[in-house]
There are 2 protein chains.
Amino acid sequence: MTTPARGLHARVLQALGPAITAGDYPPGSVLRTDELAQSFEVSRSVMREAVRVLESMHLVESRRRVGVTVRPTAEWNVYDPQVIRWRLAGRDRARQLRSLTVLRSAVEPVAAGLAARNAGPEQCAELTECALGMVATSRGHQLEGYLVHDVAFHRVILAASGNEMFARLGDVVAEVLTGRTQHQVMFEDPDPEAVTLHVRVAEAVREGDARRAEELTREITVGALHELDVLAP
Amino acid sequence: MTTPARGLHARVLQALGPAITAGDYPPGSVLRTDELAQSFEVSRSVMREAVRVLESMHLVESRRRVGVTVRPTAEWNVYDPQVIRWRLAGRDRARQLRSLTVLRSAVEPVAAGLAARNAGPEQCAELTECALGMVATSRGHQLEGYLVHDVAFHRVILAASGNEMFARLGDVVAEVLTGRTQHQVMFEDPDPEAVTLHVRVAEAVREGDARRAEELTREITVGALHELDVLAP
DNA sequence: GTGACACAAACATCTGACTTTTTATTCCGG
DNA sequence: CCGGAATAAAAAGTCAGATGTTTGTGTCAC
């Protein structure tokens, strides 16, 4: 699914990042680069690069004479897809999924409305194809196949909105959908009503009906929220 | 305004980052670490750390035998506050401001609605204080003072929503508001109607009227969009 | 108690050697 | 002429060690 860790420093990150986001090193904890380098059996240079990346994600702060301190959760760059992935794999996955789904419920309807105005024929076709794919895989425990089409569908909507910030939420939504499938926060088969809604959104976008696209997408995201309340209370 | 560059690698970043986001090195360009290190007069270690950070922002990709390639704009982590700041300082500030403002128009109304349900007395007080501060500085070319209260206001709303993802957009909104003030994409005095709307949002939140808070905030963001159309066509 | 000062801890930087991966080129057999 | 295998080279990746720099802390004189 994710690239299998190119480079030593990336492997260190894939161990350290999840540990920090999971709370193994609670905010305020102090790490020493040298010790970390030893425990991971890498050179200081490599460890320093890893720390720099964590620092750019605002997960830690490196200060002379003090060490590398873990920053308060409220300061983390939680829009970094990497951070999202780490957190979805960790403990408070439920809380994380909920706040992300609320974000989706704010953004995706507006994006769908814009998509209805801006989508080109190409994108409309893609959208229809995705929706059909979802229908085809909506029964018989084909969650992986369904996921692929679902992710693609929402990616196309966000991209077709013509707004760069929306488009870049494609990764975030992908993480959410993947996360809830992989971690069994999902029924065995997707909600048939949700599938229908996707098909109708594709229609609305094709017809350029912004208001309907927005409203239908709102129903999808509201449904996702409810589903979350049922499955991850 | 921003921290004045702690460490050598940060200083390199503050030069390279804006250069890349401004398009001085268009996507596909290949940089060599050694050359960069020489031209910035730093050691390779420092340059490597800087590159690693750029890589974590998905601005570049580093591959053996090839070099450091600038990635397509569509892949950048545009939610990284650092990246936002760099881009707002660069060329297509107008386009950037617009897409960020559209994002605000999707998120902030929903956040305000949630804030009306979740805000504690403390936050309500803060909100009122911010609104009053905005009123006080809304006349007589006090744009800097106004900005402070405006930023604080929206931060409180986003934080009071109780949703972590919304809360973390506080930095993004701050960048937008600061950006449009600093770069003269703003009238000499703020729109009086906008000021009034902020006061009324504070009221609505205090009274727990979610629907009204949402609707009023929508008016604020729609106004911001219109203002943008007028001032940065 | 307080302020100046010295010490030490941890990160920060530099350097040079060595390794590894990947790409391009060359060379050979068909 | 072509295709594939051997080869060379380029650039990032890794490491180890020396040295600089900031800063928290404790001490000592007053």
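Below, all heavy atoms of this structure are taken into account, side chains as well, without hydrogens, waters or symmetry copies. Residue numbers start from 1 in every chain, and the chains themselves are labelled A, B, ... in the order their sequence lines are given, proteins ahead of strands.
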Quiz item: With the threshold set at 4.0 Å, does a side-chain nitrogen-carboxylate oxygen contact exist between B:D150 and B:R155?
Solution: no
Quiz item: In whole angstroms, how far is the P atom of C:dC11 from the CD atom of A:Q38?
Solution: 12 Å
Exercise. Output the residues of residues 52-67 of chain A in contact with DNA chain C, where contact means a heavy atom of the residue under 4.0 Å from an atom of the strand; sort by number or write none.
Key: A:R52, A:S62, A:R63, A:R64, A:R65, A:G67
Exercise. Let me know the distance between CG of A:L31 and C1' of C:dA9, rounded to the nearest Å.
Key: 16 Å
Practice problem: Locate the shortest heavy-atom distance separating A:Y79 from B:L169; write the atom from each residue and the value. | Solution: OH-CG, 3.2 Å
Self-check item: Whole-Å gap separating P (C:dT13) and CZ (B:F40)
Solution: 15 Å
Exercise. Check the distance between C:dT13's C1' and A:R48's CZ and give it to me in whole angstrom.
Key: 8 Å
Quiz item: What residues, two or more places apart in sequence or in another chain, satisfy side chain to side chain donor-acceptor pair (under 3.5 Å) together with A:R32?
Solution: A:E35
Self-check item: Nucleotide interval of DNA chain D bounded by contacts with chain B (heavy-atom cut-off, under 4.0 Å)
Solution: D:dA9 to D:dT14
Self-check item: Minimum-distance pair of heavy atoms, taken over all atoms of A:A112 and A:T217
Solution: CB-OG1, 3.1 Å
Quiz item: With a 4.5 Å limit on heavy-atom distance, are the side chains of B:L158 and B:N163 in contact?
Solution: no
Quiz prompt | salt_bridge(B:R98, B:D92) N-O dist < 4.0 Å | solution = no
Quiz item: Going by an N to O cut-off under 4.0 Å, is there a salt bridge joining B:R52 and B:E55?
Solution: yes
Quiz item: Which is true for A:T33 with a 4.0 Å heavy-atom rule: it touches a base, it touches only sugar-phosphate, or it touches nothing?
Solution: sugar-phosphate
Quiz item: Does A:R44 or A:L8 map to a spot on DNA chain D nearer the 5' end, using the closest nucleotide for each?
Solution: A:L8
Exercise. Supply the atom-to-atom distance B:M57 CE to A:S56 OG, rounded to the nearest 0.5 angstrom.
Key: 5.0 Å
